[in-house]
**Q** 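Following this message is one structure expressed as structure tokens.
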Amino acid sequence: MANCQIVDQVYKCCKVGVIGAGAAGLATAKELIHEGHKVTVFEQAMQVGGLWVYDPEVDSDLLGVEPHRKRVHSSMYASLRTNLPREVMSFIDFPFLTQQGNDERCYPSHKEVVLYLEKFATEFDLLDVIQFGTSVEHVELVTTDSTSEKQWKVITTRRIDGVVDEVKEELFDAVVVCSGHYFEPKIANIPGINNWPGKQMHSHNYRLAQPFTNQCVVIIGTQPSGMDISRDVANVAKEVHISGRSWNSSINFAKPMGQHQNIWPHSTVIRTCEDGTVKFKEGSSTMADVIMHCTGYRYYYPFLDTKGLVTITDIVKPIYQHVFPPSLAPSLSFVGLPHKVLPFPLFQFQAKWVAMVLSGKVKLPPTSEMMESIKAFYDQCEASGKPMHQWHDLGDIEFKYLDWLADQSGSEHLESWRSKMKNIAFQHLFNNPDTYQDQWPDEDLHQEALLCLRKLEI
Ligand code: FAD
């Protein structure tokens, strides 16, 4: 890891365009403004909150593969509650605590998260810098004739009630991409699927269980969405069959799972047949009405034109510390790429780093050094056998990474209760999949978190 240093030099104020007003865009706008930059946030929706804003609408193609489909951004389903305790989700300096009359549960619903993000935006005066109903259509590096300086041309479309009201072009010194990565579905490749007569969809387009009443549903994917949706659907469906690669070795494919007597675990789907059968690797099969792909999402930035300097495949690359593409740094950055993390604190640490690099208070290493660091990281991922689509998954190194980011901006490290709480939360989810959201197992740790967060409220 190459080190950055805090330097004593003239403070620079940049004109920065931020794409998206979800949690990442809000954290970024706050930190950029705090650092003295001039900020405009472009948000295609009419409110802040990003994917937490429940939308009853779905993509026009439920599988989410048709490139010209009508798209929706949010992947929230009506019953969704957070899969982490609210305290640990909190931004570094803005606690996510209960408020009387709201959803006071430790694992609240999506609506409560939107309220929290709205409060964050109001508290830090962010609403004035957000252009709502405004989609970023194109972002491109240009050289201005007068100064020969490189700037980013950003083309946006503002819509009112779905009708184009204004198309605008504006130049920015820097662009921070905070557009999220949970809306462009990835699907499983299943032999025979083209002749299978049932209905297919992606979890991105799941909203309510009721349409699955008395149906037989195959869910592909055992990550949190797959497990959570399978329980929701099992309340009304005849049978739910969850298919996955990564079951614990103690799994018994001959027994129903958990509290529901109609959820059956299976290995991977090996093929589907014209008569409606779905066959699993362990030898069993079922007739199914629906296959739901809970198989995750791909990174997708249709507006971004970097002339090939940044490629978007299974990951965004090359990228230094998951934030800066070296050849375009620091004027282009991404906040929010990593997976399997505490998203809100991570966004804020990344945003602080971006803000201070842009102002010149913190220096990035030379491009060649950043490229060397990236190569070493990719070599390490390859040597460990990690598939590329997991290279932004931080897993065990998350807290080391957060400490490193905090050091870049001279911030304090996250308190130790956060890592303890995250680890216990995952163990708790794994051990009690049906009930984990209704009982927190470690009251002492909860009290420690509350004590720490309440101090921030004063
Ligand atoms: P988003 O919330 O997706 O925001 C991106 C914003 O950019 C959106 O408002 C979008 O409209 C806007 N945008 C996109 N493209 C454009 C464009 N071209 N022009 C203008 N605007 C644009 N995290 C937790 O901490 N706890 C949880 O319990 C949890 N549960 C989750 C459950 C699900 C089903 C999913 C998918 C994720 C969950 N997460 C959870 C992780 C989640 O990623 C983060 O909490 C976080 O909210 C993501 O924020 P974001 O700002 O990166 O992206």
Side-chain angles (χ1 to χ4, degrees), residues 17-29 40-55 71-91 96 106-110 112-114 116-117 120-121 130-139 154-159 175-185 202-207 221 223-229 232 294 296-297 299-304 334-348 350-351 392 418 421-422 425-426 429 436-437:
V18 175
I19 306 173
L26 294 176
T28 301
T40 303
V41 181
F42 300 106
E43 171 52 58
Q44 63 194 2
M46 294 308 291
Q47 67 178 102
V48 303
L51 66 76
W52 290 100
V53 180
Y54 177 77
D55 184 349
R71 293 159 193 265
V72 295
H73 185 80
S74 181
S75 304
M76 286 292 122
Y77 34 98
S79 69
L80 186 135
R81 289 169 63 187
T82 63
N83 54 29
L84 286 168
R86 59 196 303 148
E87 291 81 12
V88 82
M89 284 176 64
S90 301
F91 285 111
F96 187 15
C106 179
Y107 292 78
S109 78
H110 48 85
E112 180 74 0
V113 184
V114 175
Y116 171 64
L117 294 173
F120 181 88
I130 304 173
Q131 295 188 7
F132 289 106
T134 307
S135 313
V136 172
E137 312 289 352
H138 190 77
V139 174
V154 175
I155 301 178
T156 55
T157 304
R158 189 177 66 194
R159 288 184 178 79
V175 166
V176 190
V177 180
C178 304
S179 51
H181 49 83
Y182 292 105
F183 57 94
E184 185 64 15
H202 190 276
S203 55
H204 175 60
N205 292 309
Y206 176 71
R207 296 292 180 268
Q223 293 298 309
S225 291
M227 300 306 283
D228 201 30
I229 291 174
D232 203 30
C294 299
Y297 299 86
Y299 292 96
Y300 184 63
Y301 306 100
F303 50 80
L304 189 59
F334 292 77
V335 167
L337 291 181
H339 283 277
K340 299 202 174 154
V341 292
L342 295 178
F344 297 3
L346 176 131
F347 298 160
Q348 219 176 342
Q350 289 186 328
H392 289 307
R418 295 242 198 189
M421 196 173 243
K422 186 187 169 196
F426 274 94
L429 182 157
Y436 76 95
Q437 287 160 316

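Positions are given from 1 along the sequence. Both counts, for ligands and for their atoms, begin at 1 and track the order of listing.
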**Q** Please list, chain by chain and in numerical order, all residues satisfying side chain to side chain contact (heavy atoms under 4.5 Å, CB included) with A21, sequence neighbours excluded.
**A** L26, V41, E43, V48, I130
**Q** Mind listing the N or O contacts between ligand 1 and protein, cut-off under 3.5 Å?
**A**
residue  : atom   : partner : partner atom : Å
ligand 1 : 2 (O)  : L51     : N            : 2.8
ligand 1 : 3 (O)  : H73     : NE2          : 2.7
ligand 1 : 9 (O)  : E43     : OE1          : 2.6
ligand 1 : 9 (O)  : E43     : OE2          : 3.1
ligand 1 : 11 (O) : E43     : OE2          : 2.7
ligand 1 : 11 (O) : Q44     : NE2          : 3.0
ligand 1 : 18 (N) : V136    : O            : 3.1
ligand 1 : 19 (N) : V136    : N            : 2.8
ligand 1 : 21 (N) : Q44     : N            : 3.2
ligand 1 : 28 (O) : N83     : N            : 2.7
ligand 1 : 28 (O) : N83     : OD1          : 3.0
ligand 1 : 45 (O) : W52     : NE1          : 3.3
ligand 1 : 47 (O) : W52     : NE1          : 2.8
ligand 1 : 51 (O) : A23     : N            : 3.2
ligand 1 : 51 (O) : A24     : N            : 2.9

**Q** Do T134 side-chain atoms and F132 backbone N/O form a donor-acceptor pair below 3.5 Å?
**A** yes
**Q** Answer with yes or no after comparing the ring centroid distance for Y297 and H181 against a 6.0 Å cut-off, counting only values under it.
**A** no
**Q** In chain order, what residues pass the side chain to side chain contact (heavy atoms under 4.5 Å, CB included) check against N205, with sequence neighbours excluded?
**A** V58, D59, L62, V72, M201
**Q** So, using ring-ring contact (aromatic ring centres under 6.0 Å, His included) as the criterion, who are the partners of H110 when residues are at least two apart?
**A** Y54
**Q** Between F303 and Y301, what is the ring plane arrangement, given parallel below 30°, perpendicular above 60°, and tilted in between?
**A** perpendicular
